[in-house]
Amino acid sequence: VTETLDMNRAIAETLDRLVEDSTDHYYNPYKRFEWVDALKDEQWWMSPALMSVHGTPWAEKLDEEQLMRLSKWESINFFSLNIHGIRELLIEVTRRIHTPGFEVASEFFHRFLGEENSHMWFFAQFCLRYGPKIYPDKALRQADVSHDQEVASFLVFARILIFEELVDHFNIRMGKDSSLHALIREINQAHHDDEWRHIVMGRKLVEQLYEPLRIRGDQAVLRYVDDYLRRYMVSSVQSLYNPTVYRDAGLPDAYELRTEVLQHPARHPYHESFMRRITGFLVKEGVISESPFGA
Ligand SMILES: [Fe+2]
Ligand SMILES: [Fe+2]
């Protein structure tokens, strides 16, 4: 009981700090960026080292112009993934705000929902202006079949955290990459500037929501959660490889190409590095048994 109280107090303090920081950095998303009329195809839209072909023979086979064109569609795909990820988390957080169990977090959730709505808007703006398209959500998301409210809430916040950590890996790097157009850099940086708060809070929530499952000690439930999240991590990484992206970039045999780069051994260390931070956290907390990327 004392441990739970300490945990609640720690969370309340973190929340206060994050809410205050969010208020201090409040901005009008609709005035935040200078939307240029057009972005040239012949430029890097995504950092070459973050592209799906990086490290594979395709990075050599394609000339710079082809790689730049591919970077455009990978960038649109990355922002589209953000849009769909945000849609899901808005739904799930809205479902829980001001309901029993989330009283302490609700004030923070208001900031979170507001910020995510802004993010979804600027990602969509980018895709629709310069794509102009948003890639549809093709992720085959496994359903949570547990029918257990404690498990469901835990998995929701664990999924949100995994998604935000993956995206942040890209945002941090692209926000600093001077080879990218200032607008692309800015969007990535602005997103990271809000996301660190969500990640700090996400970790607290995941710890807190895992606690009742740990105490219950039902091995079948713990194994289910472990398995589910490791599969979710793998499918999140796979969504970075979209066959339509290769087709839009004008590359032949888009589906074969997708399979080839996704399974290329040179990509494994990248998958591991995209998820290194969150893997370390989930393993340390005992939520997952090992890295799904065979670290
Ligand atoms: Fe976001
Ligand atoms: Fe977020």
Side-chain angles (χ1 to χ4, degrees), residues 11 14-15 17-33 46 50 75-97 102 104-128 134-135 137 139 141 153-176 183-209 229 232-233 236-237 239-240 274-275 277-278 281-282:
I11 289 182
T14 305
L15 281 168
R17 200 159 47 81
L18 295 175
V19 165
E20 195 181 309
D21 190 83
S22 169
T23 306
D24 288 347
H25 294 94
Y26 185 75
Y27 59 91
N28 181 342
Y30 311 107
K31 292 184 177 169
R32 176 78 169 70
F33 302 99
M46 178 178 264
L50 293 173
S75 179
I76 300 283
N77 184 58
F78 175 63
F79 288 157
S80 299
L81 291 174
N82 273 279
I83 293 169
H84 300 304
I86 294 169
R87 283 198 306 108
E88 195 219 343
L89 62 83
L90 286 177
I91 291 166
E92 297 298 348
V93 172
T94 304
R95 229 191 272 287
R96 288 169 175 82
I97 188 169
F102 296 98
V104 183
S106 289
E107 184 59 28
F108 177 80
F109 283 169
H110 277 287
R111 305 303 201 281
F112 178 92
L113 293 168
E115 287 165 9
E116 292 299 354
N117 181 53
S118 305
H119 302 164
M120 183 160 52
W121 180 81
F122 61 66
F123 288 131
Q125 221 20 237
F126 185 89
C127 291
L128 295 172
I134 295 172
Y135 285 109
D137 185 15
R141 222 162 276 113
S153 282
F154 168 73
L155 287 180
V156 159
F157 288 98
R159 278 204 307 267
I160 292 174
L161 182 61
I162 291 166
F163 165 73
E164 296 197 320
E165 291 262 17
L166 172 63
V167 167
D168 203 45
H169 179 94
F170 284 70
N171 289 154
I172 288 174
R173 283 154 185 82
M174 289 204 273
K176 289 197 288 242
L183 174 64
I184 298 176
R185 226 163 41 220
E186 271 277 287
I187 289 178
N188 280 284
Q189 187 62 46
H191 196 228
H192 168 70
D193 289 345
D194 285 343
E195 285 305 307
W196 74 266
R197 286 190 297 273
H198 302 180
I199 290 171
V200 168
M201 184 53 206
R203 287 180 174 218
K204 296 273 179 220
L205 272 173
V206 163
E207 277 175 42
Q208 191 197 27
L209 294 168
L229 291 178
Y232 179 78
M233 291 166 85
S236 301
V237 164
S239 62
L240 296 164
F274 297 163
M275 291 287 197
R277 222 168 49 181
I278 182 65
F281 171 76
L282 293 173

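By convention here, the first residue in the shown sequence is residue 1. Both counts, for ligands and for their atoms, begin at 1 and track the order of listing. Computed from a predicted structure; not experimentally measured.
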**Request:** I would like to know whether Glu107 and Arg111 meet salt bridge (Lys or Arg N to Asp or Glu O under 4.0 Å); could you show each step before the answer?
**Result:** CA-CA 7 Å; Glu107 184 59 28; Arg111 305 303 201 281; 2.5 Å; yes
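- Of the residues listed (Phe102, Phe109, Phe108), the one engaging Ile97 in a side-chain contact (heavy atoms from CB on, under 4.5 Å) is Phe109, and it is the only one.
- The aromatic rings of Phe123 and His119 lie perpendicular to each other, with more than 60° between the two planes, well past the 30° mark.
- Summary: OE2 is the N/O/S atom of Glu116 found nearest to the Fe ion (ligand 2).
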**Stepwise side chain to side chain contact (heavy atoms under 4.5 Å, CB included) check, Glu116 with Val93** = CA-CA 11 Å; Glu116 292 299 354; Val93 172; over 6 Å; no
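- With a cut-off of 2.8 Å, the Fe ion (ligand 2) has no N, O or S atom of Asp194 in range.
- Glu195 contributes OE2 as its N, O or S atom closest to the Fe ion (ligand 1).
- Taking backbone and side-chain atoms together, His198 has an N/O/S atom less than 2.8 Å away from the Fe ion (ligand 2).
- Restricting Glu164 to its N, O or S atoms, the one at the least distance from the Fe ion (ligand 2) is OE2.
- A donor-acceptor contact under 3.5 angstrom links the side chains of His198 and Glu195, judged on distance only.
- In summary, no N, O or S atom of Glu115 is located under 2.8 Å from the Fe ion (ligand 1).
- Using a cutoff of 4.0 Å between basic side-chain nitrogens and carboxylate oxygens, Arg17 and Glu20 are not scored as salt-bridged.
- Within His119, the N/O/S atom positioned nearest the Fe ion (ligand 1) carries the name ND1.
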